Each structure stands twice: as C-alpha cells, then as structure tokens.
Amino acid sequence: TQLLEQSPQFLSIQEGENLTVYCNSSSVFSSLQWYRQEPGEGPVLLVTVVTGGEVKKLKRLTFQFGDARKDSSLHITAAQPGDTGLYLCAGDYTGTASKLTFGTGTRLQVTL
Amino acid sequence: EAQVTQNPRYLITVTGKKLTVTCSQNMNHEYMSWYRQDPGLGLRQIYYSMNVEVTDKGDVPEGYKVSRKEKRNFPLILESPSPNQTSLYFCASGTRYSTGELFFGEGSRLTVL
C-alpha cells in the first residue's frame with residue numbers, strides 16, 4: 001500500500017487568515033484529487049490535477065501539483081467559517097479509479 | 001438527483017451477528033467501492049467493483065464480503081462482525097478512471113459491541 005501523508009493534521013485559524021495544506025508521497029502519482037468532507041457527510045470532490053506543475057483555482061482555493069507529481073498543496077486565501085471541514089487528498093498510482101489512496105486528512109477549523 | 005444511498009446510517013450490533021450495509025447509486029456508474037474511515041487512518045478501501053460480477057479486494061478486506069449482481073447495487077456484508085469493525089463506512093461510485101469524480105454516500109456508522 002502506498003503511503004500518502006498530509007500535513008498538518010489539524011489547523012485552527014481565524015477568519016481572514018491564509019493557510020496551506022500539504023500532501024506528500026514517495027511515489028509518483030498518475031493523478032491527484034482533493035476532497036472536502038463535512039461532519040455527517042461523505043467527501044465531495046474539489047479538484048483533480050493531472051499534469052506536473054499544474055495549478056488550478058477554485059475561488060479562494062488554489063491547488064498545485066508538484067513538478068515531479070509526488071506532492072500537492074492546497075492554499076486557501078482569506079479563510080471563512082464555511083471552509084471548515086476535513087480536507088483529503090487522494091492519489092492514484094495506477095491510472096484507474098480502483099486504486100485511489102487517500103491521505104489521513106487535514107481537519108480545518110475557521111473561527112470568527 | 002444524482003446520489004449514492006447507504007442504509008442503515010447508524011447501527012449498533014453485537015459480535016457475531018451477521019449484517020449487511022446496502023449501497024445503491026442512480027448514476028449508471030460502472031465503478032463502486034467501499035471504504036472505512038477511522039480516526040488518524042483516513043479512508044481505507046475495503047473492496048471495489050469495476051463492473052457487474054467483477055469485484056476485488058482493497059487494502060483491508062478481512063472480515064468483509066461484497067457482491068455486485070446489479071450495476072446499481074453494491075452491498076457490504078459482515079458475516080461475523082467483531083469490535084475492530086466498529087467504524088464509519090462509505091460507499092462510493094464513479095467512472096472507471098481515477099481522473100473522474102468519486103461520488104460518496106453519506107456514511108454508515110457501525111458499532112459492534
């Protein structure tokens with residue numbers, strides 16, 4: 001089983017602050033996804049990155065895929081309470097959905 | 001509305017009492033999968049299915065069974081549950097390719113006493 005590490009595990013910040021979450025592996029990803037999970041619900045896809053060096057933006061969220069496709073980051077600008085949740089990265093090493101490996105997650109709390 | 005439906009959402013049972021968690025999707029997806037989520041361990045894949053009658057083990061299959069007789073349904077069977085199977089379970093469906101979105105159910109919280 002491939003190991004996919006996320007950091008930090010927990011993050012508590014105030015509204016308006018910026019933050020970055022990291023997702024790292026020792027192996028090369030075929031593709032990588034970021035999901036957000038809210039309490040009592042299943043994860044919901046935020047973005048998929050495929051090409052090394054790729055940057056995608058979703059409103060205040062910026063996702064980057066490392067040049068070597070072994071790591072990814074999620075940057076949130078001016079965090080809001082609605083950003084609170086568990087952020088999960090999911091990497092694929094094989095090119096098929098069957099072997100998505102999920103990271104342990106980063107739990108984000110944004111307070112007023 | 002496109003959705004993945006799991007039942008039951010909550011269940012408390014006792015060791016050894018067989019149970020089934022149902023999962024149904026209405027998106028005509030070929031791929032379906034079961035995960036368990038435990039604190040500090042993230043989502044771990046139990047079993048997956050690439051199509052009807054095609055199933056395979058994930059990373060933590062011990063103590064579980066699945067079947068895929070119809071495209072829309074993918075039940076998870078615990079023949080003899082044990083306390084270490086206490087967990088939050090998620091069913092997901094999607095396309096066969098990892099660049100496609102995985103759609104998750106709302107989860108089934110299982111407690112085995």
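By convention in this document, chain letters (A, B, ...) are assigned in the order of the sequence lines, proteins followed by strands, and residues within each chain are numbered from 1. Computed from a predicted structure; not experimentally measured.
- Tracing side-chain contacts under 4.5 Å through hydrophobic residues (I, L, V, M, F, W, Y), one reaches V112(B) starting from Y64(B); they form part of the same cluster.
- For the 3.5 Å distance criterion, the side chains of Q37(A) and Q37(B) qualify, holding a donor opposite an acceptor.
- Under the 4.5 Å side-chain heavy-atom criterion for ILVMFWY residues, a single connected hydrophobic cluster contains both V110(A) and Y87(A).
- Other residues, nucleotides and ligands place more than 12 heavy atoms under 6.0 Å from the CD atom of E17(A).
- With contacts defined as side-chain heavy-atom distances shorter than 4.5 Å, the pair T104(A)/L41(B) does not qualify.
- When the side chains of ILVMFWY residues are joined at heavy-atom separations under 4.5 Å, either directly or via intervening members, Y31(B) and F90(B) end up in a single hydrophobic cluster.
- Residue R109(B): no heavy atom, backbone or side chain, is found under 4.5 Å from chain A.
- A continuous path of Ile, Leu, Val, Met, Phe, Trp and Tyr side chains, each step under 4.5 Å between heavy atoms, connects F65(A) with W34(A), placing both in one hydrophobic cluster.
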Practice problem: Evaluate the criterion side chain to side chain contact (heavy atoms under 4.5 Å, CB included) for residue pair L102(B) and Y35(A); output intermediate values, then yes/no. | Solution: CA-CA 9 Å; L102(B) 270 185; Y35(A) 288 81; 3.2 Å; yes
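- Judged purely by atom type and a 3.5 angstrom limit, Y35(B) has no side-chain atom pairing as donor or acceptor with the backbone of F102(A).
- Counting heavy atoms of neighbouring residues, nucleotides and ligands inside a 6.0 Å radius, atom CD of Q80(A) exceeds 12 of them.
- In terms of heavy atoms, P43(A) sits closest to L43(B) at CG-CD1, 3.9 Å.
- If you measure heavy-atom distances from L86(A) to chain B, the contacts under 4.5 Å come from the side chain alone.
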